[in-house]
Amino acid sequence: MTSLPIRPAPHTGPAAGEVIVDWFAGAARDLPWRRPGVDAWAVLVSEVMLQQTPVARVEPVWREWLARWPRPSALAAASPADVIRAWGKLGYPRRALRLREAAAAIAERHGDVVPSAVPELEALPGIGTYTARAVACFGHGQRQPVVDTNVRRVVARLVHGRAEAGTARAADLDDVAVLAPVDEQRAVRFSVAIMELGALVCVAGTPRCGTCPVRDRCAWRLAGSPAHDGPARRVQKFAGTDRQVRGRLLDVLRAAPEPVDAAALEPAWDDAVQRSRCLDSLLADGLVEQTEDGLFRLPA
DNA sequence: TACTCGTGGGA
DNA sequence: TTCCCAAGAGT
């Protein structure tokens with residue numbers, strides 16, 4: 001007699017997307033850019049700041065930016081130096097320059113109004129697949145699949161039964177779209193809800209499955225929570241990299257009220273070759289400029 | 001596709 | 001202490 005595998009009965013309750021939306025109603029964080037009356041420009045600014053940057057660090061800077069530059073045209077009129085300084089230490093300061101360029105494009109091409117069409121959003125500097133849909137959905141109330149690293153991890157586990165998400169791909173959008181509720185209002189809520197689930201419960205380290213609203217239908221749990229089988233993804237080194245050196249150099253220039261000479265940058269990093277290479281790359285990126293008399297400063 | 005691009009908090 | 005990693009985009 002053949003032994004049949006023991007498996008849980010297929011889930012027959014409400015669809016996972018509906019359950020996640022209902023969970024969100026009671027579990028959502030009260031983040032300032034989610035409050036009523038926050039316009040698409042404020043949402044766009046938040047989304048760019050949140051790229052690879054934790055919520056706690058973004059909050060105060062976001063408030064300052066919106067108070068100072070309440071419309072795209074206001075940001076477009078600011079100098080790169082002001083924008084880079086206001087960016088503070090959020091990291092990846094090229095985002096600040098691109099956000100300013102996006103603001104200029106919105107002011108010039110879209111009448112100072114953040115567009116709602118995804119292709120128009122994706123055409124803006126610094127706005128890619130994720131951010132374009134996030135702005136269309138969260139800023140304009142549009143039904144859109146919004147896929148970030150949290151969502152890809154939730155889908156990997158819940159739908160595909162894998163411990164970790166692989167490399168991002170176009171099909172990720174379809175995976176999420178089929179989970180979304182039919183009702184448009186709930187579909188919009190779903191897009192933020194599944195992100196929140198990944199950020200609070202279905203986390204990268206040790207998932208808190210005990211509090212997960214869809215644990216009874218999670219393909220990964222039903223498969224016995226198998227460990228990740230693929231290649232371990234490389235951890236990004238930082239100490240000693242050009243990224244660290246660029247950060248040090250920019251730190252000096254952010255703090256300097258006047259242009260400085262090359263000697264003033266020496267304390268930032270001992271290795272002269274690497275220091276010079278990084279300064280060149282900052283110049284090339286438009287994060288630093290050289291005055292006529294050879295001094296360095298943030299671009300005026 | 002794989003790599004680069006900051007920063008700092010928490011496990 | 002060391003390591004992981006956090007609402008990606010551009011090349």
Side-chain angles (χ1 to χ4, degrees), chain A residues 24 28-29 31-34 38 42-62 84 87-99 101-102 121-139 144-154 164-170 172-173 176 191-200 202-208 228 230-254 268-269 277-278 280-282 284-288:
Chain A
F24 182 73
R29 289 170 293 179
L31 302 178
W33 42 84
R34 288 180 181 167
V38 173
V43 170
L44 192 160
V45 172
S46 78
E47 291 300 342
V48 172
M49 288 182 171
L50 286 163
Q51 291 168 2
Q52 301 287 284
T53 305
V55 164
R57 226 175 297 167
V58 166
E59 270 210 47
V61 181
W62 178 82
I84 292 166
W87 192 256
K89 309 203 76 171
L90 289 182
Y92 296 139
R94 293 185 298 185
R95 289 183 293 165
L97 295 181
R98 292 187 184 127
L99 184 48
E101 292 165 12
L121 287 162
E122 283 184 320
L124 298 170
I127 309 298
T129 303
Y130 162 77
T131 305
R133 286 164 182 78
V135 170
C137 186
F138 311 147
Q144 285 290 343
V146 180
V147 179
D148 73 335
T149 184
N150 291 307
V151 173
R152 292 198 303 109
R153 187 173 53 249
V154 171
E164 295 179 20
T167 305
R169 59 191 71 211
D172 295 340
L173 288 175
V176 176
S191 285
V192 64
I194 190 171
M195 283 176 63
E196 194 80 333
L197 185 65
L200 300 181
C202 195
V203 296
T206 305
R208 312 187 225 287
H228 178 62
R233 56 173 187 163
R234 293 178 317 286
V235 288
Q236 246 189 149
K237 294 298 181 192
F238 179 66
T241 63
D242 284 3
R243 264 193 351 282
Q244 181 179 27
V245 179
R246 284 166 54 104
R248 292 269 193 91
L249 291 170
L250 213 53
D251 208 27
V252 171
L253 294 173
R254 270 194 301 259
W269 199 254
R277 180 175 70 236
C278 289
D280 283 344
S281 74
L282 288 169
D285 286 345
L287 285 164
V288 175

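Only this structure's heavy atoms are used, side chains among them; waters, hydrogens and symmetry mates stay out.
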Chemist: Not counting sequence neighbours, which residues clear salt bridge (charged side-chain N to carboxylate O under 4.0 Å, His left out) with A/Arg248? List them please.
Modeler: none
Chemist: Would you confirm whether A/Arg95, through its side chain, and A/Gln51, through its main-chain N or O, come within 3.5 Å as a donor-acceptor pair?
Modeler: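 Flag set: sc A/Arg95 to bb A/Gln51 pair under 3.5 Å.
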Chemist: Enumerate the protein-to-nucleotides 1-3 of chain C contacts in which both atoms are nitrogen or oxygen and the separation is below 3.5 Å.
Modeler:
none

Chemist: Nearest whole angstrom, please: distance from the C1' of C/dA6 to the OH of A/Tyr130.
Modeler: 12 Å
Chemist: Generate the contact string for nucleotides 4-11 of chain B. Rules: B means base contact, S means sugar-phosphate contact only, - means no protein heavy atom under 4.0 Å.
Modeler: BBBBB---
Chemist: Once salt bridge (charged side-chain N to carboxylate O under 4.0 Å, His left out) is applied, do any residues pair with A/Glu196, and if so which ones, sequence neighbours excluded?
Modeler: A/Arg29, A/Arg34
Chemist: With sequence neighbours left out, what residues match A/Ala134 under side-chain contact (heavy atoms from CB on, under 4.5 Å)?
Modeler: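 Applying side-chain contact (heavy atoms from CB on, under 4.5 Å) to A/Ala134 gives A/Glu47, A/Tyr130, A/Phe138, A/Val146.
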Chemist: Using a cut-off of strictly less than 4.0 Å, decide whether A/Arg152 has a side-chain nitrogen or oxygen near OP1 or OP2 of C/dA6.
Modeler: no
Chemist: Can you name the side-chain contact (heavy atoms from CB on, under 4.5 Å) partners of A/Arg254, sequence neighbours left out?
Modeler: A/Ile84, A/Arg85, A/Lys89, A/Leu250, A/Asp251, A/Leu298
Chemist: Over how many whole Å does the gap from A/Leu99 atom CG to C/dA7 atom C1' extend?
Modeler: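 In whole Å, C/dA7 C1' and A/Leu99 CG are 15 Å from each other.
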Chemist: Output all residues satisfying side-chain contact (heavy atoms from CB on, under 4.5 Å) with A/Val252, sequence neighbours left out; order by chain, then residue number.
Modeler: A/Leu265, A/Ala268
Chemist: If I take atom CZ in residue A/Arg169 and atom P in nucleotide B/dT1, what distance separates them, rounded to the nearest angstrom?
Modeler: 7 Å
Chemist: If you count heavy atoms of other groups shown closer than 6.0 angstrom to CZ of A/Arg169, is the number above 12?
Modeler: no
Chemist: When we call it a touch if two heavy atoms are under 4.0 Å apart, what does A/Ala204 touch: a base, just sugar-phosphate, or nothing?
Modeler: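 Contact class for A/Ala204: sugar-phosphate only.
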Chemist: Considering only the P atoms, how many Å lie between B/dA11 and C/dA7, rounded to the nearest integer?
Modeler: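 Going atom to atom, P in each nucleotide, I get 15 Å.
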Chemist: Give the rounded distance in Å between these two atoms: CE of A/Met195 and P of C/dA6.
Modeler: 12 Å
Chemist: To the nearest angstrom, how far is A/Asp172 atom CG from C/dA7 atom P?
Modeler: 15 Å
Chemist: Closest nucleotide of DNA chain C for A/Gly126 versus for A/Leu50: which of these residues is on the 5' side?
Modeler: A/Leu50
Chemist: Look at all strands and tell whether A/Arg133 reaches a base, only sugar-phosphate, or nothing, counting heavy atoms closer than 4.0 Å.
Modeler: nothing
Chemist: Going by the rule ring pair (Phe, Tyr, Trp, His ring centres under 6.0 Å), which residues pair with A/Trp62 if we only count those two or more places apart in sequence or in a different chain?
Modeler: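 Listed in chain order: A/Trp33.
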Chemist: Not counting sequence neighbours, which residues clear side-chain contact (heavy atoms from CB on, under 4.5 Å) with A/Asn150? List them please.
Modeler: A/Asp148, A/Arg153, A/Ala199
Chemist: Under 4.0 Å, heavy atoms only, any strand: does A/Thr149 hit a base, just the sugar-phosphate, or nothing?
Modeler: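 It contacts sugar-phosphate atoms only.
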Chemist: Could you pick out which residue, A/Trp33 or A/Arg98, lies toward the 5' side of DNA chain C when each is mapped onto its nearest nucleotide?
Modeler: A/Trp33
Chemist: Can you tell me how far P of C/dC5 sits from CG of A/Asp148, to the nearest Å?
Modeler: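 Taking CG of A/Asp148 and P of C/dC5, I get 15 Å after rounding.
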